[in-house]
Amino acid sequence: MSSPYAAPKLLIDGQWRAGRHTLTHPIVNPADGQTLDRLGLANADDIADALAATERAFAQWREVPAHERCARLERGVARMREHQEAIALALTQEQGKPLAEARAECAMAADLIKWYAEEARRVHGRVIPARQANSRMTVLKQPVGPVAAFSPWNFPLVLSARKIGGALAAGCSIVLKGAEETPASVAVMVDCLQQELPPGVLQLLFGVPSEVSQHLISAPAIRKVTFTGSVPVGRHLAELAAKHLKRITLELGGHAPVIVCRDAEIDRTVQMMVTHKFRNAGQACLAPTRFYVDQSIYGHFLDAFTAATFSLKLGPGLATSTQMGPLANARRLAAVEELVQNSVSRGAKALRGQAPESGFFAPATVLTDVEPDSPVLLEEPFGPVAAVMPVESVDQAIALANQSRFGLAGYLFTDSARAIERVSARLEVGSVAINGMGVSVPEAPFGGLKDSGYGSESGVEGMEAFLETKFTHYFA
Ligand code: NAD
């Protein structure tokens, strides 16, 4: 099945226009390795135009009352929902995930922006009792200013929506650099929203990533930076932001531990874990990756987990029977294969399913006999790879889980009050789900510890990231 696909243009100051860079970027369908189109990129002049427009637009947007900002965003969200099928189709073609997952991602992105839109009406400061008569002390919450946002290719809609929704609801303008590998889905989403906004409030660039981030972060107009992606790029952007004293939020991936206690319902736990482990072919920062299973149920768990894993149907995302699509690009396929081979050469045993030969498919893989210093435990797998290990106690599982340099999400399966208490208190992660998977919802904060980054997106904390605090002391 093939459908038309066209690379989008850049959105600068309310106009969709061609990028003027001499380079273009090939957009590749990961299901067959064929080039879908070539993406025009922004040059320095395009970026300068976007910077001038974001400054002008901020001056205007910050004056728009919160109720109107909310109404405009809600109309944009309604248009996104009308165009869900087109957005999802583009996402599957350029990113590879099954169409059902692409539709769900579009719905989640719409939900996120809707929640932020509503939250715009609840941003308020406070009045502090004055120390002396005839004076008044107030605290104001004001939009921080124009935002530079960078979103990746694994969940291009949701991870852009977290940034767009928060910035626009708070009264900031935003320049989003989308991922060059997955541009069309984000462009349709952005177009749905921008039709309700003054020109320049929401802009979309694609470019040579290092050039765009250098120009945007060093520009005096930009007051806030937000990035989701890898640790090395996050570290580089944090250095740039520090040099220019810009506030930055970083979400840099995870390596989520799953602690399965002896009282866990194995069939229900396995069904939930396999679905979430292999969603988006494992390319999710909150994907369960390290399974610490009580030794008394380890054999039973492993049999059920591998049976469910190897029954997954792999194929192109547009085929209705597909449960797991290809990896998003050739470098992920190479990286996943290298990680599995390195782990095996360090003593792990690999159980692997079948995978189609064309495109960037990696087989679903379960690793056992994994030592604590195995490559699969040190690096974020970001692919369809699960490591399953027996443990003697919850305390041992927590200690092993905390050895990772990542700390984004964690999962626990038990009804033991003691285990719930200990894991909630001591697991070094930003979010924990117990007997479920819900660590990412619009109304709750989402962010990491350690190498997973800092700052939160979503929830009131996510909104706060786009606000600054001003104290006013008035003497009559
Ligand atoms: P990468 O480090 O090359 O790029 C990661 C993202 O950052 C991409 O979207 C890329 O366009 C962007 N980027 C790269 N250099 C940049 C720069 N100088 N300025 C601004 N943006 C820049 O990695 P990759 O090969 O795309 O992915 C590798 C790893 O990244 C994965 O294994 C995973 O660990 C991590 N990752 C995490 C997330 C997440 O959701 N936290 C998303 C994507 C990738």
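When a residue number appears, it is its place in the shown sequence, counting from 1. Counting starts at 1 for both ligands and their atoms, following the listed order.
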Point to revise | Any Glu180 heavy atom less than 4.0 Å from ligand 1 | key: yes
Any donor-acceptor pair under 3.5 Å linking the side chain of [X] with the backbone of [Y]?
{"X": "Asn342", "Y": "Leu339", "result": "no"}
{"X": "Arg79", "Y": "Cys192", "result": "yes"}
{"X": "Thr289", "Y": "Ala386", "result": "no"}
{"X": "Lys114", "Y": "Val77", "result": "no"}

Mark up the atoms of ligand 1 that fall under 4.0 Å of a heavy atom belonging to [X], in ascending order.
{"X": "Gly253", "answer": "41 (N)"}
{"X": "Ser210", "answer": "17 (C), 18 (N)"}
{"X": "Cys285", "answer": "39 (C), 40 (O), 41 (N)"}
{"X": "Glu251", "answer": "41 (N)"}
{"X": "Thr228", "answer": "39 (C), 40 (O), 41 (N)"}

Practice item. Fit a plane to each ring of Trp153 and Phe382, take the angle between them on a 0 to 90° scale, and name the class: parallel (under 30°), tilted (30 to 60°) or perpendicular (over 60°). Key: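 It falls in the perpendicular class, over 60°.
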To check your reading of the model: name the closest protein heavy atom to [atom], its residue, and the distance in Å.
{"atom": "atom 10 (C) of ligand 1", "value": "Pro209 CG, 4.7 Å"}
{"atom": "atom 15 (N) of ligand 1", "value": "Val233 CG2, 3.5 Å"}
{"atom": "atom 9 (O) of ligand 1", "value": "Pro152 CA, 3.4 Å"}
{"atom": "atom 30 (O) of ligand 1", "value": "Ser230 CB, 3.0 Å"}
{"atom": "atom 19 (N) of ligand 1", "value": "Ser213 OG, 2.9 Å"}
{"atom": "atom 33 (C) of ligand 1", "value": "Glu380 OE1, 3.3 Å"}
{"atom": "atom 37 (C) of ligand 1", "value": "Gly229 O, 3.3 Å"}

Point to revise | Any side-chain donor near an acceptor of the partner, Gln95 and Asn280, under 3.5 Å | key: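 The answer is yes; a qualifying pair exists.
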Review point. Are side-chain N/O atoms of Ser456 and Arg162 paired as donor and acceptor at under 3.5 Å?
Key: no
**Study point:** Arg81 bridged to Asp111 by N-O distance under 4.0 Å
**Key:** yes
Practice item. Give the minimum heavy-atom separation between Ser173 and Phe58, together with the two atoms involved. Key: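 Scanning both residues completely, I find the closest heavy atoms to be OG-CB, 3.4 Å.
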Practice item. Mind listing the closest non-hydrogen atom pair of Lys450 and Asn402 along with its distance? Key: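 Shortest heavy-atom contact: NZ-O, 3.1 Å.
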Point to revise | Residue pair Arg279, Lys97: steps toward the side-chain contact (heavy atoms from CB on, under 4.5 Å) verdict | key: CA-CA 8 Å; Arg279 186 171 66 116; Lys97 66 183 63 181; over 6 Å; no
Review point. Side chain, backbone, both or neither: which part of Arg332 has a heavy atom under 4.0 Å from ligand 1?
Key: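 Answer for Arg332: side chain.
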**Study point:** Per-residue contact class, Leu252 against ligand 1 - non-hydrogen pairs under 4.0 Å
**Key:** backbone
Review point. Hey, does Asn154 come in under 3.5 Å of ligand 1, counting only N/O atoms on both sides?
Key: yes
Review point. Is the closest N or O pair between Arg331 and ligand 1 shorter than 3.5 Å?
Key: yes
Check your understanding: Does the protein put a heavy atom under 4.0 Å from atom 3 (O) of ligand 1?
Key -> no
Review point. Does atom 39 (C) of ligand 1 have any protein heavy atom closer than 4.0 Å?
Key: yes
Check your understanding: Which of the listed options, Trp153, Phe382, Phe227, Phe150, holds the heavy atom that is closest to atom 27 (O) of ligand 1?
Key ->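 Of the listed residues, Trp153 has the closest heavy atom.
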Check your understanding: Would Lys313 and Met324 count as a side-chain contact (heavy atoms from CB on, under 4.5 Å) if you check the C-alpha gap in whole Å, the side-chain angles of each, and the deciding distance to 0.1 Å?
Key -> CA-CA 6 Å; Lys313 288 198 172 48; Met324 188 177 104; over 6 Å; no
